[in-house]
There are 2 protein chains.
Amino acid sequence: MKQRKKQPVQTRSAILEAAGSEFSRKGYSGAGLGPIVASAGLTKGALFHHYPDKRSLAVAWATDSLAAAMESLWLTPLGGVASLDAFRSLSRARCMELQPDDATSTLVAITAETAAADPVLAAALDAVFSAWKSAISSLLERGKAAGWIHRSIQPEAEAAFYVAVFSGFTVTTKASPGESVRRTCATALEAYLETLRAQ
Amino acid sequence: MKQRKKQPVQTRSAILEAAGSEFSRKGYSGAGLGPIVASAGLTKGALFHHYPDKRSLAVAWATDSLAAAMESLWLTPLGGVASLDAFRSLSRARCMELQPDDATSTLVAITAETAAADPVLAAALDAVFSAWKSAISSLLERGKAAGWIHRSIQPEAEAAFYVAVFSGFTVTTKASPGESVRRTCATALEAYLETLRAQ
DNA sequence: TCCCATACCGACCTCACGGTATGAACGCAA
DNA sequence: TTGCGTTCATACCGTGAGGTCGGTATGGGA
């Protein structure tokens, strides 16, 4: 029988990558398992061997792929921010490179679609959101301690606001994918960040 | 044969209302036509007589029901705003009464889900977004003319930011439906609006 | 009154979806 | 080498999805 070498790790990552691509373009309900395994060059037998059902696949994708993307896209860069200007330029960069099918946009879209109907998947997605929010909150804490964030700022509340703002950007970017909208968002976001500056 | 009186107008509105409820809970792909017609007390025959397919139903829902909800929820109240304090209290009210299945949240969720894959539906949803944005933009224009909005404010850009921010709120509200999150969002939103005040 | 377009019903069709059953190839352990 | 659990392919199933179709009631216009 035609059969590839046994590579469970590569197989899982191939499935998750294909699933992420499908989720980002079609949403959770719209995504089909057929296209996913086809895109991964596999079959349903392999899929259902590693994941018992579609929901579990989505949860694994959220806790693995999506969390990793959040790490490299946001958490690590945010951890290196040591000034408000650095925070500004990072925010502008992430804003300008926003695309309808990137990790942040997909996180927002899948959350909006499934949060009410699927508590399990919602919890996995919320963990990614929470990590994002925490990274910003601790950044603001550091800024307050270092003196480049205003004393009266409440880090957690402001972090929640930042995450909400950027989540909104992902939606408006999808609605009108032109660069002008992203530039407007980036500028407005920088203006907001300026209100956090000490003095 | 058991048959109701011919009431095409009421039938269409019943279908659109049921469709809106289904879309708000399941998303576009997740929504089924069976539950919609059942909830409306009708049959598929009636549905497909008025709308040729699911996509057309969604478009009609967006251009009719959703636009009407946008009108009463936002456009009309925004048109009556004549001070920054009034804008603030309206924003806070809309923020505090946010629910995962209301019109604004559904608009955002369906847009995030279908914008990339369905240009026709996306256009209909974008029209609702544009109306929302325009109402805020013209409000800011009026505020500048009346002197309660700062001269340096760019109405269109700020309106786009406001819409994005509130869109983000609908997502984070879905992720954590507690009242505390909404209160945090409302307060942060008011703080942002305060930066628009003249002087 | 008759007529006919419209509104609606109800049964049915097709098909793609998520999911299952079975078993073959692989690789490690002994 | 043998044995056995893991990994994956192939073939298949049941269900519910979107959508179709013939037919029947309705009601306004001629």
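All values below were derived from every heavy atom in this structure, side-chain atoms included, with hydrogens, water molecules and symmetry-related copies excluded. Below, chain A is the first sequence line, B the second, and so on; all start at residue 1. As the structure is a computational prediction, the values presented were derived from the model and not from experiment.
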### Query
Nearest-Å distance, CZ (A:Arg12) to P (D:dT7)?
7 Å
## Note on the structure
By side chain to side chain donor-acceptor pair (under 3.5 Å), B:Arg88 pairs with (sequence neighbours left out) B:Glu190, B:Glu194
### Message
I want to check one thing: is the phosphate of D:dC8, taken as OP1 and OP2, less than 4.0 Å away from some side-chain N or O of A:Thr11?
### Response
yes
### Query
Under 4.0 Å between a Lys/Arg side-chain N and an Asp/Glu carboxylate O for A:Arg25 and A:Asp101?
no
### Message
Using whole Å, what does the distance between atom C1' of nucleotide C:dG23 and atom NE2 of A:His49 come to?
### Response
14 Å
### Task
Starting from P on D:dG16, measure out to CD1 on B:Ile36 and report it in whole angstrom.
17 Å
Side-chain donor/acceptor pairs under 3.5 Å, residues 56-66 of chain A, sequence neighbours excluded:
{"residue": "A:Ser56", "atom": "OG", "partner": "A:Asp53", "partner atom": "OD1", "Å": "2.7"}
{"residue": "A:Thr63", "atom": "OG1", "partner": "A:Val59", "partner atom": "O", "Å": "3.0"}
{"residue": "A:Thr63", "atom": "OG1", "partner": "A:Ala60", "partner atom": "O", "Å": "3.3"}

For nucleotides 27-29 of chain D, tabulate all protein N/O to nucleotide N/O atom pairs closer than 3.5 Å, reporting atom names and distance.
none

### Query
Checking B:Lys133 against B:Tyr162: charged group under 6.0 Å from the ring centre and within 45 degrees of the axis?
no
### Query
In whole Å, what is the span from the OH atom of B:Tyr51 to the P atom of D:dG18?
16 Å
### Message
Using a 4.0 Å heavy-atom cut-off to protein, can you give one letter per nucleotide of nucleotides 13-21 of chain C, 5' to 3': B if the base is in contact, S if only the sugar-phosphate is, - if neither?
### Response
-----BBB-
### Query
Does B:Arg197 pair with B:Asp85 as a salt bridge, N-O distance under 4.0 Å?
yes
### Summary
Rounded to whole Å, the NE2-P distance (A:His50 to D:dT7) equals 6 Å
### Summary
Sorted by chain and number, sequence neighbours left out, salt bridge (charged side-chain N to carboxylate O under 4.0 Å, His left out) with A:Lys26 holds for A:Glu22
### Query
So, A:Arg92 and A:Thr187: side-chain donor and acceptor under 3.5 Å apart, yes or no?
yes
### Query
Atom CD of B:Gln7 and atom P of C:dC8: how far apart are they, to the nearest Å?
8 Å
### Query
Quick one: salt bridge (charged side-chain N to carboxylate O under 4.0 Å, His left out) partners of A:Asp126, sequence neighbours excluded?
none
